[in-house]
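Below is one structure, written out as structure tokens; comments come after it.
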Amino acid sequence: MSDNVMDQIVSLCKRRGIIFQNSEIYGGQNGFWDYGPLGTELKRNVRNAWYHDMVASHDELTVLEGTPKAFSMVGIETALIMHPRVWKCSGHFDLFNDMRVDCRECRARYRADHLRIKVARSDDGTPLAAWGFMPGSDEFDWSGAGDKKLAKSVRERCEGEISVDAAPMTLANYTASLQPSEDSGEIAEHLIPRCPNSSCRGPLTEPREFNLMFKTIVGALGTEDDAAFLRPETAQGMFVNFKNVVDSSRVKVPFGIAQVGKSFRNEITPRNFTFRSREFEQMEMEFFCHPGESQQWYTYWRDRRFAWYKNLGISDSKLILRDHTQEELAHYSIGTADVEYAFPFLAEGEYGELEGIAHRGDFDLRSHMEGKLVADANGCLVVEQDEHGQPKYRGSGKDLSYFDDQTRERFIPHVIEPAAGADRATLAFICEAYTEDEQPDEHGKMQKRVLMKLDPRLAPIKVAVLPLIKKEGMPETAQAIYRDFKAAGINAVYDQQAAIGRRYRRQDEIGTPFCMTIDGETATDGCVTVRDRDSLKQDRIPIKGLVGWVQERLK
RNA sequence: GCGGGUGUAGCUCAGUGGCAGAGCGUCACGUUGCCAACGUGAAUGUCGAGGGUUCGAAUCCCUUCACCCGCUCCA
């Protein structure tokens, strides 16, 4: 396959109405994508395959292989905008809303509120230069490569005594202490704080809000106090509704709550087609279980989710299950694994994340009970405190523990979270399906063919109904068959335009698994030719059984 | 965020200061006998956007947006 296979895929997606760039006629928007008519069908099929497997077809009476006991699964659909305190307790607010400064040269990034500034002054107190350092790190010693340059520039400005402030300032205080130049309104070049890295000392940027959450305002007259956030994950909808679901739907632990929906992250660098987008769709499930069984459930869900992709056609050679190393694990997590796919835009041997399966302990429910949690010196989760010794972000105060009537035990359930990206899965299925091969044309000459080997369950169009020629009653018969498929809820197309070979290729390109051709013999034998997309094999199938024949292959 | 590259019809691209082009695709009519047929005809462009230079700009300059590659970042 060619190196630019990703270009081919992007081009095919646009040409055939699978994925378009958002607001394209206005020049497009980085990180946002639209699904066209065929893409919408494909993505809905992905979503439905997930929901069907997780919830709709789940048998809660049977103990499934590899599980300790039977369990329930329910669906939920929660709002995109949640109470701001949800994100404070979940940790997203602090994690996603820092003011940052970057070094323009070495590009290191620092939290603006952590950075301290030291200033070198002449004897009359005029500032000559300023540089940052992180508290506790090495101080300025005029010896680093960058420091020598800085020292030289300071010397050029002052021949007399130079002193360095004993007390460091915060970045905000330093900036406030400067007089902006009268003509430009900007800080003089030599007073721009320099990078904390003593071998760099490049100029730092202005503090910039580093909002990974999209901020919005609730209420027409809203002010900053009414700031709210578009959800950066769907999971919190399940956690905050845990009690509602338990109280309303007669589920018993263990059970799962599943949700498919949009999430938003203001990514710095959206890249690689839809792989990293600012608006994306997640398919997440939170599985609540007894702490003592959580390890077993974690293993179960990890393996089951990995198998799901393979079952829908992702090849073994391109899919890996990668357990996170100890360093990668969140402090509250006992285990996390990623399902990763070898996307064509990645280098050989690299994989991109499709789904993360995480053992989250009781972190989430406890956070929403008690407040934002952090690990203490012993690695135990404790409520993070502010400078006054009060909880930094208070939780809801509601009791989210669970009482098991049979064992007479009360506990906070542990959570196993398989969190999948619907757009990433869709993209993986597209990439996996994209195939170029060679097939003989009517003269026996080999011709390049582009096809999408999508699993029939995922294919946007299941069946194409094609009269071999536009006369002798073939179109009428074909149209009747087409209507049978539509009536049965099977997505079919009718096409009598152009030669039969061309029509087959059109369907190949969008992954239609079955083409049904009505020919001269149909009128006498009541059969059509069914042509298989991948093998090009043809079979005669009676019209009467056609719908059932297709339904059988969509299970 | 930084550096490099690219942006012209639905797609792939040619066009380096003087009439906006090709191939494929799409549509119509005719033809058709199972794997990209053929014939005839047609539609399709603010040359990514904004500004400037020029008698004249797709072409030169500036700004900006998007995409690709490499860094950086990444739940």
Side-chain angles (χ1 to χ4, degrees), chain A residues 3-4 6-8 10-17 20-33 36 90-92 95-96 100-109 202 204-205 208 210 212-213 231-235 263-273 275-276 280 282 284 328 330 336 338 345 347 352-353 356 358 417 419 421 437-451 466-472 474 496-509 515-522 528-533 535-538 540:
Chain A
D3 284 344
N4 58 353
M6 202 57 215
D7 292 343
Q8 302 290 329
V10 172
S11 160
L12 174 65
C13 282
K14 169 154 197 211
R15 184 156 39 88
R16 299 309 303 266
F20 303 128
Q21 195 178 8
N22 170 260
S23 306
E24 193 193 284
I25 62 168
Y26 284 100
Q29 268 215 112
N30 197 355
F32 297 92
W33 300 91
S90 72
H92 288 91
L95 192 65
F96 280 9
R100 303 286 181 124
V101 293
D102 296 335
C103 172
R104 289 184 201 278
E105 276 170 27
C106 72
R107 284 159 207 153
R109 173 166 288 156
L204 296 173
T205 61
R208 288 180 291 202
F210 197 68
L212 256 52
M213 282 199 291
R231 63 183 180 189
E233 61 172 34
T234 59
S263 291
F264 301 82
R265 291 184 195 182
N266 209 349
E267 296 289 352
I268 311 157
T269 316
R271 200 58 76 89
N272 291 329
F273 203 26
F275 183 78
R276 182 174 297 140
F280 58 102
Q282 291 185 298
E284 291 196 295
E328 282 179 284
T336 297
D338 285 346
F345 49 76
E353 181 186 341
E417 175 190 83
D437 70 4
E438 289 204 330
Q439 297 295 342
D441 66 13
E442 58 168 355
H443 309 295
K445 201 176 145 211
M446 297 307 274
Q447 298 283 352
K448 182 182 149 187
R449 178 174 77 131
V450 171
L451 74 158
L466 318 168
L468 187 58
I469 52 170
K470 266 188 276 189
K471 58 187 182 188
E472 293 172 22
M474 293 183 207
Q496 60 174 33
Q497 187 64 250
I500 190 68
R502 170 171 307 234
R503 282 179 275 165
Y504 285 151
R505 298 300 168 88
R506 278 184 192 141
Q507 297 304 322
D508 289 342
E509 213 176 41
C515 288
M516 316 220 155
T517 305
I518 289 72
D519 60 21
E521 286 167 47
T522 302
V528 300
T529 300
V530 178
R531 176 258 198 191
D532 180 77
R533 176 194 65 202
S535 67
L536 282 72
K537 247 183 77 210
Q538 303 194 344
R540 295 292 284 180

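In what follows, chains carry the letters A, B, and so on, assigned in the order in which the sequence lines appear, proteins first and then strands, with residues in each chain numbered from 1. Remember, it's a predicted structure, so these values are computed and weren't measured experimentally.
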- Query: Which of the following nucleotides, B:C35, B:C34, B:U12, is nearest to the side chain of A:S11?
  - Reply: B:U12

Under 3.5 Å, which N/O atoms of the protein pair with N/O atoms of nucleotides 24-31 of chain B?
residue: B:G25; atom: OP1; partner: A:R502; partner atom: NH1; Å: 2.7
residue: B:G25; atom: OP1; partner: A:R502; partner atom: NH2; Å: 2.9
residue: B:U26; atom: OP1; partner: A:R506; partner atom: NE; Å: 2.7
residue: B:U26; atom: OP1; partner: A:R506; partner atom: NH2; Å: 2.7
residue: B:U26; atom: OP2; partner: A:R502; partner atom: NH1; Å: 3.3
residue: B:A28; atom: OP2; partner: A:Q497; partner atom: NE2; Å: 2.5

- Send over the distance from A:N266 CG to B:C74 C1', rounded to a whole Å. 13 Å

- Query: To the nearest Å, how far apart are A:W33 CH2 and B:A66 P?
  - Reply: 11 Å

- Message: Does the structure show a Watson-Crick or G-U wobble partner for B:U53, both distances under 3.5 Å? Name it, or say none.
- Response: none

- Item | Residue A:T517, side-chain atoms from C-beta onward, closest of B:C69, B:A36, B:C34 | B:C34

- Taking only N and O in the side chain of A:N272, is any of them less than 4.0 Å away from OP1 or OP2 of B:C68? no

- Task: Calculate the interatomic distance between A:K14 atom NZ and B:G7 atom P; express it in whole Å.
- Result: 15 Å

- Item | Distance below 4.0 Å between A:N30 side-chain N/O and B:C67 OP1 or OP2 | yes

- Separation of B:A36 P from A:L466 CG (nearest whole Å): 14 Å

- Message: Assess whether a salt bridge exists between A:R533 and A:D508, defined as any Lys/Arg side-chain N lying under 4.0 Å from an Asp/Glu carboxylate O.
- Response: no

- Message: Check this for me: does the side-chain of A:Y504 come within 3.5 Å of the base of B:C34 through a donor and an acceptor?
- Response: yes

- Residue matched to B:G70 through Watson-Crick or wobble contacts both under 3.5 angstrom: B:C2

- A:R531 atom CZ is separated from B:C34 atom P, nearest whole Å, by 14 Å

- Task: Measure the distance from CZ on A:F275 to P on B:C68 and round it to the nearest whole Å.
- Result: 13 Å

- Message: Could you identify the nucleotide paired to B:A14, looking across every strand shown and requiring Watson-Crick or G-U wobble geometry with both distances under 3.5 Å?
- Response: none

- Query: So which nucleotide from B:A37, B:U32, B:C34 ends up closest to the side chain of A:R540?
  - Reply: B:C34

- Message: Tell me which nucleotide, if any, is Watson-Crick or G-U wobble paired with B:U64 when both distances must be under 3.5 Å.
- Response: B:G48

- Item | Donor-acceptor pair (no angle test) under 3.5 Å: A:E521 side chain, B:G33 base | no

- Could you tell me whether the side chain of A:R16 and the main chain of A:G36 form a donor-acceptor pair under 3.5 Å? no

- Message: Counting only Watson-Crick pairs (N1-N3 plus N6-O4 or O6-N4) and G-U wobbles (N1-O2, O6-N3), all under 3.5 Å, who is the partner of B:A42?
- Response: B:U26

- Item | Base of B:C34 paired with side chain of A:Q538 (donor-acceptor, under 3.5 Å) | yes

- Message: In this structure, how many angstroms lie between the P atom of B:C68 and the CE atom of A:M6, rounded?
- Response: 9 Å

- Message: I need the CG-P distance between A:N22 and B:C67, as an integer number of Å.
- Response: 10 Å

- Query: Who does B:C35 pair with, Watson-Crick or G-U, both distances under 3.5 Å?
  - Reply: none

